[in-house]
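Per chain, numbering begins at 1; letters A, B, ... match sequence-line order. Treat the numbers as computed from the prediction; the structure is a model and nothing was measured.
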There are 2 protein chains.
Amino acid sequence: MNVVKKLRNFNLRPTKQRILLAKQILDGKNKHFTAETIQKEVLSNGQSISLATIYNCLNKFVSVGLLKQIDQQGEVTIFDTNVSHHHHFLNQNTGELIDIDPHEIGFSKLPKIPNGFESDGVEVLIKIKE
Amino acid sequence: MNVVKKLRNFNLRPTKQRILLAKQILDGKNKHFTAETIQKEVLSNGQSISLATIYNCLNKFVSVGLLKQIDQQGEVTIFDTNVSHHHHFLNQNTGELIDIDPHEIGFSKLPKIPNGFESDGVEVLIKIKE
DNA sequence: TCAACAGGTTAGAATAATTCTAAACTAGAT
DNA sequence: ATCTAGTTTAGAATTATTCTAACCTGTTGA
Ligand SMILES: [Mn+2]
Ligand SMILES: [Mn+2]
Ligand SMILES: [Zn+2]
Ligand SMILES: [Zn+2]
């Protein structure tokens with residue numbers, strides 16, 4: 001079981017629930033999802049897991065770097081399986097996020113970071129509409 | 001009363017509450033604030049206004065373009081009196097936003113907008129920490 | 001001028017995403 | 001097999017925001 005190994009690599013006990021979630025979301029494909037949508041997927045798969053556990057697990061996954069958390073527009077937190085540095089299109093009609101490879105964006109000018117601070121990442125959001 | 005004129009310009013009835021808020025936030029200085037922080041300011045000024053009204057007014061102000069709404073990190077909505085196109089530093093230590101003039105950022109490369117869509121704005125967020 | 005009404009305000013209830021509580025369970029070590 | 005720290009869970013709590021529905025007020029035009 002590959003997923004168990006991955007969890008162990010991140011010092012996470014491979015519990016039934018974490019394995020279930022990891023199989024669901026860490027399958028190599030990049031996804032954006034919410035806690036609720038994941039629960040629906042799991043339930044419609046005939047399996048079950050509490051929402052509290054999903055939040056516990058997803059937050060844990062984020063804290064070890066298995067997921068990224070994206071807070072944006074409105075009130076639901078979106079999780080992102082693409083933990084490498086990248087940017088997003090935001091489809092304003094649907095709320096859907098689409099990854100943008102960092103190589104597709106180049107800067108010719110950037111502001112100086114305020115004194116006493118250091119940069120902790122630059123995120124570009126390109127809002128699009130039909 | 002300048003504020004009344006401004007409200008009228010935006011087809012907003014200059015009610016007591018809107019005038020109070022407009023004086024508080026549309027004083028020419030660029031600010032980022034939440035509904036709660038505005039209420040605290042108003043109350044500590046000896047005046048009073050309900051939170052529902054603050055939300056009603058701020059949302060109205062946003063819908064006519066007097067304010068911008070910024071949803072970011074967590075659950076409180078931040079309003080921005082700078083309605084012109086600009087970017088932000090996000091102080092990760094405090095959650096504070098700092099405006100970045102669009103002239104301070106230049107792009108040497110941007111991705112092509114997906115077919116059937118058009119760009120509706122590019123927002124850069126530079127996360128900083130001490 | 002002022003009645004009429006569309007639009008605005010408000011307290012408090014409702015909603016909804018997320019976190020907390022505290023009791024039951026389990027993975028992994030010895 | 002036993003122990004323990006870590007995990008899961010149902011349901012309660014929290015909290016930002018919106019809704020409800022009754023009351024109020026700015027504006028207008030007779
Ligand atoms: Mn909102
Ligand atoms: Mn959160
Ligand atoms: Zn992404
Ligand atoms: Zn700003």
Apply the test side chain to side chain contact (heavy atoms under 4.5 Å, CB included) to residues A:His86 and A:Asp80: give CA-CA distance (whole Å), side-chain angles for both, the deciding distance (0.1 Å), then the verdict.
-> CA-CA 11 Å; A:His86 67 288; A:Asp80 191 343; 3.0 Å; yes

Listed by chain and number, what are the ring pair (Phe, Tyr, Trp, His ring centres under 6.0 Å) partners of A:Phe107, not counting sequence neighbours?
-> B:Phe107

Just to confirm, is there a sub-4.0 Å distance from OP1 or OP2 of D:dT17 to any side-chain nitrogen or oxygen of B:Thr77?
-> yes

The answer to which of A:Arg13 and A:Leu51 contacts DNA chain D further toward the 5' end, by nearest nucleotide, is A:Arg13

Output yes when at least one side-chain N/O atom of B:Arg8 is less than 4.0 Å from OP1 or OP2 of D:dG26, else no.
-> no

Under 4.0 Å: is that the gap between some side-chain N or O of A:Arg18 and OP1 or OP2 of D:dG6?
-> no

With DNA chain D as reference, determine whether A:Ile49 or B:Glu36 sits nearer its 5' end, using the nearest nucleotide of each.
-> A:Ile49

With a 4.0 Å cut-off on heavy atoms, is B:Lys60 in touch with a base, just the backbone sugar-phosphate, or nothing at all?
-> sugar-phosphate

Is the phosphate of D:dT18, meaning OP1 or OP2, less than 4.0 Å from a side-chain N or O of B:Asn59?
-> yes

Those residues at least two apart in sequence (or on a different chain) that pass side chain to side chain donor-acceptor pair (under 3.5 Å) with B:Lys129 are A:Asp120

For D:dT8, does OP1 or OP2 lie under 4.0 Å from any side-chain N or O of A:Thr15?
-> yes

Whole-Å distance, B:Ile19 CD1 to D:dT27 P, equals 8 Å

Start with the C-alpha distance between B:Asn82 and B:His32, add both sets of side-chain angles, then the distance that settles side chain to side chain donor-acceptor pair (under 3.5 Å), and finish with yes or no.
-> CA-CA 8 Å; B:Asn82 185 348; B:His32 303 109; over 6 Å; no

Could you state the atom-to-atom distance from CD1 of A:Ile54 to P of D:dT9 in whole Å?
-> 9 Å

Given D:dT9, is OP1 or OP2 found less than 4.0 Å from the side-chain N or O atoms of A:Ser50?
-> yes

Hey, does the side chain of B:Tyr55 come within less than 4.0 Å of D:dT18's phosphate (OP1/OP2), counting only N and O?
-> no

Give a yes/no on whether any side-chain N or O of B:Gln17 is located under 4.0 angstrom from OP1 or OP2 of C:dT10.
-> yes

